[in-house]
Amino acid sequence: MSNPIIEKLRAAVATAATRLQEADNSAAIEEVRIEMLGRKGLIPALSKEMKDVPPEQRKATGMAFNEAKDQLEQLLAAALDRIDAAATAAAATELDLTLPGRRWSVGRKHPLMQVMDDCVAIFRRLGFIVADGPEIETVFNNFDALNTPDDHPSRDRGDTFYFADGRLLRTQTSPVQIRVMTAQPPPVRIVAPGRTFRRDTPDATHSMNFHQIEGLYIDDQVSLGDLKCVLLKFAHEMFGPDVGIRMRPHFFPFTEPSVEVDFSCIMCQGKGCRVCKNSGWLEIAGAGMVDPNVLTNVGYDPEQCSGYAFGMGIERIAMLRYRINDIRFLYENDVRFLQQF
Ligand code: DAH
């Protein structure tokens, strides 16, 4: 069917189609709708001209007219859908300042590492530098050079983890003393924090894998008084100015004389409680003046230099500081436990 009305309408629909395709907002689409379908639009105007169509063409013209009008309506709806979809997609990527913030869970230092870092920081302030050694050690560094007798029980296979090649998992941080002294002449002033291993059955106070910090000071004319001064300073920095220390005679193969160092109980201020077994004192460190044999073993001259050494358990300090009564809490990595620090 073709006549001037239909021609005009089809041409107008074609132009509208292009405009709708290019429209990038709903106002542009509305503009097309008004021009075509509005009260003063093209379609009402053309439908008024229908009365001039000869009667025998009216039916076909009417049908072609409605077809074109339907097509236009579909084009309008499709264009609106397209704009809506684009708007929704844009909104999804837009920053909505009214949304509640997202909480990122921030990790934190493990209490053991916190205590280790604090120990290191205290000794660094006192002039010590940090030294390091491997966790897999030689028997020489872990025992022989440290003046440990061949029949000393700590060398036992039931106490120490050995590898098939004869090396071992270090049982203490003391071998770092040997590594440092064989690598440099005196003076030496180091601390060596690190992991240590012993063949213990785990319970509330024992673990097969624990941590120590070792100290070593070698110079001319170093005395036990210097050692006491440094450990007292450490006690004050770690547990507060009211903590006192005492030294008790002891034995270690690598020191002579050897002492055990106690801190006055931080739980009961020395009055006596369960933690200090009513003694008022807590065993914290082993220490002493470096045995002349050890100095000789690393090529130092015991006539020319002397020094002190000390070693203490990081777990013990952490458990006292944070009032933890079972060492196993420190290794289980239960977040409910760790979140408290
Ligand atoms: N290595 C000893 C231990 O694990 C602790 C120790 C005692 C270290 C006396 C020292 C020291 O440096 O002088 O039990």
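Residues: numbered from 1 along the sequence shown. All ligand and atom numbering here is 1-based and tracks the order in the structure.
In the vicinity of T255, heavy-atom distances shorter than 4.0 Å reach the ligand 1 atoms 13 (O). Ligand 1 places these atoms under 4.0 Å from at least one heavy atom of E214: 8 (C), 10 (C), 12 (O). Of all atoms in ligand 1, listed by their number and element, those nearer than 4.0 Å to a heavy atom of Q177 are 12 (O). Listed by number with element, the atoms of ligand 1 under 4.0 angstrom from any heavy atom of A287 are 7 (C), 9 (C), 11 (C), 13 (O). Each of the atoms 13 (O) of ligand 1 lies under 4.0 Å from some heavy atom of G288. Residue-ligand proximity, S174 to ligand 1, at heavy-atom distances under 4.0 Å covers atoms 1 (N), 8 (C). Near F252, meaning under 4.0 Å from one of its heavy atoms, ligand 1 places the atoms 7 (C), 9 (C).
Looking from atom 8 (C) of ligand 1 to the surrounding protein, the closest heavy atom is G311 N, 3.4 Å. Among all protein heavy atoms, the one lying closest to atom 11 (C) of ligand 1 is F254 CE1, 3.5 Å. Atom 1 (N) of ligand 1 has its closest protein heavy atom at Q172 OE1, 2.8 Å.
If you look at F337 and F329, their ring centroids are closer than 6.0 Å. Checked against the 6.0 Å centroid criterion, the rings of F234 and H236 do not qualify as a close aromatic pair.
Here's the thing with G215: none of its N/O atoms is less than 3.5 angstrom from an N/O atom of ligand 1. The shortest N or O to N or O distance between G286 and ligand 1 is not under 3.5 Å.
At least one heavy atom of Q212 sits under 4.0 Å from some atom of ligand 1.
A salt bridge between R246 and D262 is present, with a side-chain N of the basic residue lying under 4.0 Å from a carboxylate O of the acidic one. The pair D165-R167 meets the salt-bridge criterion, since a charged nitrogen lies less than 4.0 angstrom from a carboxylate oxygen.
In the model, N3 has no side-chain atom that pairs as donor or acceptor with a side-chain atom of E7 under 3.5 Å. In this structure, a donor-acceptor pair under 3.5 Å is absent between the side chains of T196 and Q212. Between the side chains of S207 and N209, no donor N or O sits under 3.5 Å from an acceptor N or O.
Counting heavy-atom neighbours within 6.0 Å of R157 CZ, excluding the residue itself, gives a total of 12 or less.
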Subject >> Residue pair E315, Y331: steps toward the side chain to side chain donor-acceptor pair (under 3.5 Å) verdict >> reply: CA-CA 10 Å; E315 278 79 357; Y331 310 114; 2.6 Å; yes

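Nearest-residue assignment for atom 4 (O) of ligand 1 (options R198, E256, E260; heavy-atom criterion): R198.
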